[in-house]
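Index from 1, following the sequence.
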Amino acid sequence: MNRMKCTRCRAYADFANESHNAKYCAPCFKHHFLNQTAMAIEEQSLFKKNERILVAISGGKDSLGLWSALTNLGYEADGVHLNLGFGEDSDKAQAVCEAFAEYNGLNLFIFDLEREIGCDLLKLRQGTGKPACAVCGLVKRYIINGTAKAGGYDCVATGHNLDDETAKLLSNILRWRAHHLAHQSPLLEETGSFVRKAKPFYRLDQSEIRHWAKLEEIDYHVKKCPHSKGATLDYHHEAMTLLETRMPGTKRNFLFGFLAGGRKEINTEIIESTTCESCGEMSVSSNCIFCRTIKDKGQLPDFQRWWNNQSLR
């Protein structure tokens, strides 16, 4: 049986990366992983070492892996976890986040949806006619942005990886969502009331992040969301994975080519924004989609009060 040799140091390798046409031993893989993360941060100017970073932590391998990588690279980053109110599943995810933060001496803030606004995600979804994933994404973006503003953070970092970004790109192209395509980027600059958003893992795929979590002995929550069944983005993930299996490097070429030139060539109308009359956030109408969703189901979160309570702990 032929044993793989590390492309970088020629020692025994235990990880093969087809898209890079490379094989790595554990130390060289860690170097590769951190180098790809650092390259993403530097090439896209995501954030600087002296800036305050808030990492959105779900409890999965991507978000915990990102938090781990950023601390390995010398960044000071806090975490925020949103408990969506899915009972035992949400409690387990929160426990994993808390254990990781405690073990590594990191600051983690917990935003409990039911406690702070009076209802869980499923109640928020009722009557909207929208899939659970759509409502979940809306709520997470709103809550995490509000948390970052209340805490005075410069940037929100998320664990979206190469697989996520290529699936999203394929979805937007198939539906020709020009506005979404024009704004698909590892970096979303601060705009109005929206804090800067960054995706430092856009150069890394799921297998690389999974291997990083294994080497770093990260205990992460592995159960798939019980309410995401039938999500169309899953099919786009499968399509891109099939292409990658047949033609290694497809995902990287697809996304990097788009970011290098394709995105700039897309013409889209500038959507005029205003201020939501209820919460004061930027919106395309007098009432933002979050306020329309929460109407008659709960109360708007008081982020500053919540943050002050966190700071006093």
Side-chain angles (χ1 to χ4, degrees), residues 1-51 53 55 57 60-77 100 103-106 155 157-167 169 185-187 198-220 222 237 240-261:
M1 176 176 161
N2 293 327
R3 298 178 64 180
M4 295 192 301
K5 289 186 178 181
C6 178
T7 303
R8 188 164 177 263
C9 74
R10 308 310 295 169
Y12 170 68
D14 61 357
F15 182 83
N17 189 321
E18 297 295 335
S19 67
H20 286 271
N21 191 27
K23 303 173 180 64
Y24 298 109
C25 63
C28 289
F29 175 81
K30 288 186 176 183
H31 176 273
H32 157 78
F33 191 90
L34 293 176
N35 184 60
Q36 288 294 306
T37 306
M39 188 182 300
I41 294 170
E42 292 167 10
E43 285 187 348
Q44 299 290 331
S45 300
L46 300 184
F47 41 73
K48 299 176 182 177
K49 282 281 175 68
N50 62 346
E51 291 187 306
I53 304 166
V55 185
I57 305 295
K61 68 181 187 309
D62 301 327
S63 59
L64 291 178
L66 174 60
W67 208 4
S68 169
L70 291 180
T71 56
N72 269 270
L73 289 169
Y75 290 94
E76 291 188 14
F100 179 89
Y103 181 79
N104 291 281
L106 300 170
C155 181
T158 65
H160 291 91
N161 57 45
L162 178 64
D163 299 75
D164 298 323
E165 291 303 287
T166 53
L169 178 56
S185 169
L187 173 67
K199 303 172 184 177
F201 272 180
Y202 80 92
R203 299 183 65 92
L204 294 157
D205 65 29
Q206 290 190 31
S207 67
E208 292 172 292
I209 298 171
R210 191 178 298 112
H211 194 59
W212 169 261
K214 176 184 176 182
L215 294 179
E216 290 292 289
E217 298 181 341
I218 298 173
D219 180 23
Y220 57 89
V222 296
H237 268 286
M240 291 306 304
T241 298
L242 175 61
L243 290 171
E244 181 71 25
T245 301
R246 301 289 177 85
M247 298 177 291
T250 295
K251 291 180 181 179
R252 293 169 58 83
N253 293 334
F254 184 44
L255 180 63
F256 296 175
F258 171 74
L259 295 177

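The side-chain heavy atoms of Thr37 and Leu73, taken from C-beta on, include a pair separated by under 4.5 Å. Using a 4.5 Å heavy-atom cutoff, the side chains of Lys49 and Glu76 are not in contact. Between Trp212 and Asn72, some side-chain heavy-atom pair lies under the 4.5 Å cut-off. For the pair Glu216 and Lys30, the minimum side-chain heavy-atom distance is below 4.5 Å.
Separation of atoms OH (Tyr103) and CD (Glu217) is listed at 7.0 Å; rounding is to 0.5 Å. How far CG of Leu255 is from CG of Asp205: 12.0 Å, rounded to the nearest 0.5 Å. Separation of atoms CG (Leu66) and CG (Leu204) is listed at 10.0 Å; rounding is to 0.5 Å. Rounding to the nearest 0.5 angstrom, the gap separating the CG atom in Leu215 from the SG atom in Cys25 is 10.0 Å. For the atom pair Tyr202 OH and Gln44 CD, the distance stands at 4.0 Å (nearest 0.5 Å). In this structure, CG on Leu106 lies 5.0 Å from CH2 on Trp67, to the nearest 0.5 angstrom.
The aromatic rings of His32 and Tyr24 lie parallel to each other, with less than 30° between the two planes, well short of the 60° mark. Between Tyr75 and Phe47, the two ring planes are perpendicular [angle over 60°; tilted spans 30° to 60°].
More than 12 heavy atoms of other residues, nucleotides or ligands sit less than 6.0 Å from atom CG of Asn50. Counted within 6.0 Å of CZ on Arg10, heavy atoms from surrounding residues, nucleotides or ligands total more than 12; the atom is thus considered enclosed.
A salt bridge does not link Lys251 to Glu165: none of the charged nitrogens lies less than 4.0 Å from a carboxylate oxygen.
When all heavy atoms of Ala198 and Leu46 are compared, the closest pair comes out as CB-CB, 3.9 Å. Heavy-atom minimum distance, Ser19 versus Glu244: CB-OE2, 3.6 Å. A pairwise comparison of heavy atoms in Ala13 and Cys6 identifies CB-N, 3.6 Å as the closest pair. Contact detail for Ala77 and Leu70: the closest heavy-atom pair is CB-CD1, 4.4 Å. The minimum heavy-atom distance between Asp164 and Gly159, with the atom names listed, is OD2-O, 4.1 Å. Nearest approach of Ala157 to Ile53, heavy atoms of both residues: CB-CG2, 4.0 Å.
Asn253 places a side-chain N or O within 3.5 Å of a backbone atom of Gly249 that can act as its donor or acceptor partner. Remark: side-chain polar atoms of Ser68 are not paired, donor with acceptor, to backbone N or O of Leu64 under 3.5 angstrom. With hydrogens and angles ignored, the 3.5 Å screen pairs no side-chain donor or acceptor of Thr158 with any backbone N or O of Lys199.
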Checklist entry - Step by step, would you call Asp163 with Met240 a side chain to side chain contact (heavy atoms under 4.5 Å, CB included)? => result CA-CA 8 Å; Asp163 299 75; Met240 291 306 304; over 6 Å; no

Item to check | Evaluation steps, side chain to side chain contact (heavy atoms under 4.5 Å, CB included), between Lys61 and Gln206 | outcome: CA-CA 9 Å; Lys61 68 181 187 309; Gln206 290 190 31; 3.7 Å; yes

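Judged purely by distance below 3.5 Å, without hydrogens or angles, the side chains of Asn17 and Glu208 pair a donor atom with an acceptor atom.
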